[in-house]
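One structure is given here, and the rest of the page talks about it.
The chain is numbered in sequence order, starting from 1. Below, each value reflects all heavy atoms present in this structure, side chains not excepted, and no hydrogens, waters or symmetry copies.
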Amino acid sequence: MVLCCSKDFSRTFVLGADYKKASDISVDLKGDIYILDSGKGSVYKYDSQGTLKREIELTRHIKSPSAITAFGDGEIAVQDDSDKAVYFYK
C-alpha cells in the first residue's frame with residue numbers, strides 16, 4: 001500500500017495494489033502516478049485521483065529495477081541496476 005496526497009495537499013488517498021516491494025514513485029506532467037514494484041517487476045499507473053489505469057510488466061531482462069521517471073507524453077524510464085542500463089516504455 002502507498003499513501004499519496006493531492007497536489008495541493010487537500011486530500012490523501014491509498015494506492016492499494018498488492019505490491020511485493022514498492023521501491024520508487026514518479027508523477028508525470030498530467031498528474032498520473034507511477035509506482036515501481038521491483039519485487040514483481042511491474043509498474044502501476046494511476047490517474048491523479050488514485051484509480052489504477054494500467055499495470056506495465058517489465059521485460060524479463062530487467063533483473064534489478066531500482067528507479068522510475070515519468071515523462072509528460074506517457075513514456076517512462078526504468079533504471080536497471082543489474083546491467084547499469086535505462087529502459088524506456090510507452
**Request:** Identify, with sequence neighbours excluded, every residue that meets side chain to side chain donor-acceptor pair (under 3.5 Å) alongside S66.
**Result:**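 Testing S66 for side chain to side chain donor-acceptor pair (under 3.5 Å), a comparison that skips the adjacent residues, returns D81.
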**Asked** Among the clusters formed by ILVMFWY side chains lying less than 4.5 Å apart, do Y19 and L52 turn up in the same one?
**Response**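 Yes: a chain of side-chain contacts under 4.5 Å links Y19 to L52.
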**Message:** Tell me whether L36 shares a hydrophobic cluster with V27, the cluster being built from Ile, Leu, Val, Met, Phe, Trp, Tyr side chains joined at under 4.5 Å.
**Reply:**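 L36 and V27: separate clusters.
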How long is the gap from [atom1] on [X] to [atom2] on [Y], to the nearest 0.5 Å?
{"X": "D28", "Y": "I76", "atom1": "CG", "atom2": "CD1", "answer": "10.5 Å"}
{"X": "E55", "Y": "I35", "atom1": "CD", "atom2": "CD1", "answer": "12.0 Å"}
{"X": "D24", "Y": "Y34", "atom1": "CG", "atom2": "OH", "answer": "13.5 Å"}
{"X": "T59", "Y": "Y87", "atom1": "OG1", "atom2": "OH", "answer": "6.5 Å"}
{"X": "S38", "Y": "Q79", "atom1": "OG", "atom2": "CD", "answer": "12.0 Å"}

**Prompt:** Looking at I68, V43, V78, which one forms a side-chain contact (heavy atoms from CB on, under 4.5 Å) with I56?
**Reply:**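 Going through I68, V43, V78 one by one, the side-chain contact (heavy atoms from CB on, under 4.5 Å) with I56 is satisfied by V43 alone.
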Considering all heavy atoms of both residues, which atom of [X] and which atom of [Y] are nearest to each other, and what is their separation?
{"X": "S64", "Y": "D80", "value": "N-OD1, 2.9 Å"}
{"X": "G39", "Y": "K20", "value": "O-CD, 3.6 Å"}
{"X": "D32", "Y": "K45", "value": "OD2-CE, 3.4 Å"}
{"X": "K63", "Y": "S82", "value": "CB-OG, 3.6 Å"}

**Message:** Under the criterion salt bridge (charged side-chain N to carboxylate O under 4.0 Å, His left out), I'd like the reasoning laid out for D47 against K30: C-alpha separation, chi angles, the key distance, then a yes or no.
**Reply:** CA-CA 9 Å; D47 66 16; K30 294 186 240 176; over 6 Å; no
